[in-house]
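Whatever order the structure lists them in is the order used to number ligands and atoms, beginning at 1. No hydrogens, no waters, no symmetry mates; every other heavy atom, side chains included, goes into these values.
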Amino acid sequence: MNPETVRALGLDAGSTATKLVGVDEKGALVWNVLLPTHPRMEEQARELLDRAYAAGVPKDVPLVATGYGRNLARGAKRSVTEITCHARGAFRRVGNGGTLVDIGGQDSKVIVIASDGKVERFAMNDKCAAGTGRFLEVAANRLQMTLERFSEVALTALKEVPISSTCTVFAESEMISLIANGEPVPHIVRGLHRSLAKRVAALVRGTSPVPPFLLSGGVAQSSAVRQLLGEELGKNMIVPESPQLMGAYGAALIALG
Ligand code: ADP
């Protein structure tokens, strides 16, 4: 963390987490802060900026905002869609085209990036919690496991129980009845991860994806999701450093110009 060297800021006001990233003159990520999203996003954006300035980020650096609450960030030079920001961040990370799969708290998106960095096409699921971080959160909470533990349990399970419900709420009741029927919890946990991986893989296949495949968003931190999604797609998922910061990073690069 090197706040004094920040030359541009990117704010990603996501549905679940709000991220502020600072880049230096060369576009390297040198400072960041991440907080759970507060319902009063405008105030939160201001608080994060105050935090940045208090940490030593110069006050005159340009800011670009993205994400769900991007239009609420006062002081932003402009607001840019998440698709553009994610693509910009990913292109900078791999230095080439490919397919970015971003799994956030309440949506998942697939962005096909051309070899010149432009967005070729994209698909988004923001209508249904299944296939997003919320799906895993609900199930892990119900089983009183942290998300880290949830992933470990899925990876060490020797068997997998298919979860037939495609909706988060119904999958939760299906999970409870499977437990009541004596199904071992690890088999169910692996089945839940498989269900998410299958939903996201269907979204990916629908976009005529091109390799390499990158995975970003908060859910990219789950080793089980990385592995099972890779299995579903028949490709290794590349997870860049700080995957949850990809959108904010792209916004900061756009602000840098
Ligand atoms: P958004 O931009 O929509 O707010 P993020 O990309 O910030 O979303 O990701 C937030 C999601 O990431 C939340 O649903 C959270 O539960 C999930 N998440 C964070 N850490 C992990 C983890 N270790 N394993 C699985 N999911 C995680």
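Not one N or O of I103 is nearer than 3.5 Å to an N or O of ligand 1, by distance alone. An N or O contact shorter than 3.5 Å links Q244 to ligand 1 by distance. Considering backbone and side-chain N/O of T16, one or more are found under 3.5 Å from N/O of ligand 1. Not a single N or O atom of D102, backbone or side chain, sits closer than 3.5 Å to an N or O atom of ligand 1. Considering backbone and side-chain atoms together, T37 places no N or O closer than 3.5 Å to any N or O of ligand 1. Taking only nitrogen or oxygen atoms, main chain and side chain alike, G217 does not reach within less than 3.5 Å of ligand 1. Backbone and side-chain nitrogen or oxygen atoms of G218 are examined, and one is located within less than 3.5 angstrom of a nitrogen or oxygen of ligand 1.
By heavy-atom distance, the residue among A220, G14, G105 lying nearest atom 3 (O) of ligand 1 is G105. When R226, M246, E137 are ranked by how near their heavy atoms come to atom 16 (O) of ligand 1, first place goes to E137. With atom 23 (N) of ligand 1 as the reference point, the heavy atom nearest to it among E148, Q106, R134, K109 is part of E148.
Sparse packing is recorded around CG of N236, with 12 or fewer heavy atoms of other residues, nucleotides or ligands lying under 6.0 Å away.
No cation-pi contact links R88 to Y249, judged by a cut-off of 6.0 Å to the six-membered ring centre and 45° from its axis.
There is a side-chain donor-acceptor pair under 3.5 Å between T37 and T18. Between the side chains of S216 and Q244, no donor-acceptor pair of N or O atoms lies under 3.5 Å.
In summary, D116 and K118 engage in a salt bridge, as defined by a charged side-chain N under 4.0 Å from a carboxylate O.
By the side-chain contact (heavy atoms from CB on, under 4.5 Å) test, F91 is found to be paired with I113, residues two or more places apart in sequence or in another chain being considered.
Residue K19 places a heavy atom under 4.0 Å from ligand 1. Contact analysis leaves S151 out of contact with ligand 1, as no non-hydrogen atom separation drops below 4.0 angstrom.
Remark: minimum distance from atom 20 (N) of ligand 1 to any protein heavy atom is reached at Q221 NE2, 3.3 Å.
Between the NZ atom in K127 and the OG1 atom in T132 there is a gap of 13.0 Å [rounded to 0.5 Å].
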